[in-house]
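Positions are given from 1, in the same order as the sequence printed here.
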Amino acid sequence: MDIIIFFKNILKDKKISKSNIIKNAHIDRTYGYQLLNGTKKPSGDKILKLCIGGGFTIDETNKALKLGNCGELYSKCCNYI
């Protein structure tokens with residue numbers, strides 16, 4: 001699956017408009033539309049901003065990052081003494 005199709009499907013399922021996710025992600029409007037339409041390829045940080053702006057779950061965010069070839073979110077486990 002392509003990341004653009006993934007975003008379109010999630011936005012449709014969550015009933016979120018492109019303008020709202022772009023606004024919530026604090027991305028320039030023109031650039032945001034270019035990312036969501038496939039004119040520009042989103043970097044990992046932009047994918048993450050769009051996911052947060054769209055209220056995506058961790059699983060949805062990880063899938064978007066994988067589709068964008070940016071790996072996954074992970075937490076580093078540290079033990080403090």
K.L.:
Test: salt bridge (charged side-chain N to carboxylate O under 4.0 Å, His left out). Region: residues 53-73. Which pairs qualify, not counting sequence neighbours?
P.N.:
Lys14-Glu60, Lys66-Glu72

K.L.:
Which pairs, with at least one residue in residues 1-45 and sequence neighbours excluded, count as a ring pair (Phe, Tyr, Trp, His ring centres under 6.0 Å)?
P.N.:
Phe7-Phe56

K.L.:
Restricting to non-hydrogen atoms, name the atom on Asp28 and the atom on Ile22 that form the minimum distance, rounded to 0.1 Å.
P.N.:
O-CG2, 4.0 Å

K.L.:
By the salt bridge (charged side-chain N to carboxylate O under 4.0 Å, His left out) test, which pairs, at least two apart or in different chains, include something from residues 4-13?
P.N.:
none

K.L.:
If the condition is side chain to side chain donor-acceptor pair (under 3.5 Å), which residues does Thr30 pass it with, not counting sequence neighbours?
P.N.:
none

K.L.:
Which value, rounded to the nearest 0.5 Å, describes the distance between Leu50 atom CG and Ile10 atom CD1?
P.N.:
12.5 Å

K.L.:
Going by the rule side-chain contact (heavy atoms from CB on, under 4.5 Å), which residues pair with Asp45 if we only count those two or more places apart in sequence or in a different chain?
P.N.:
Ser43

K.L.:
Name all residues meeting the side chain to side chain donor-acceptor pair (under 3.5 Å) criterion together with Asn37; count only those two or more places apart in sequence or in a different chain, and write none if there are none.
P.N.:
Lys18

K.L.:
Might you point out which heavy atoms bring Lys46 and Leu35 nearest each other, and give the distance in Å?
P.N.:
CB-CD1, 4.0 Å

K.L.:
Which residue pairs pass the salt bridge (charged side-chain N to carboxylate O under 4.0 Å, His left out) test when at least one of the two sits in residues 32-41, sequence neighbours left out?
P.N.:
none

K.L.:
Pick from Ile4, Ile3, Asp2: which one makes a side-chain contact (heavy atoms from CB on, under 4.5 Å) with Leu67?
P.N.:
Ile3

K.L.:
Looking at every non-hydrogen atom in both residues, tell me the closest pair between Ala64 and Ile47 and how far apart they are.
P.N.:
CB-CG2, 3.8 Å

K.L.:
Find out whether Asn24 and Ile16 are in side-chain contact, i.e. whether some heavy atom of one side chain is under 4.5 Å from a heavy atom of the other.
P.N.:
no

K.L.:
Taking side-chain contact (heavy atoms from CB on, under 4.5 Å) as the definition, give me every residue that meets it alongside Leu48, ordered by chain and number, with sequence neighbours left out.
P.N.:
Ile52, Thr61, Leu73

K.L.:
Using the side chain to side chain donor-acceptor pair (under 3.5 Å) criterion, which residues pair with Asn9? Sequence neighbours excluded.
P.N.:
none

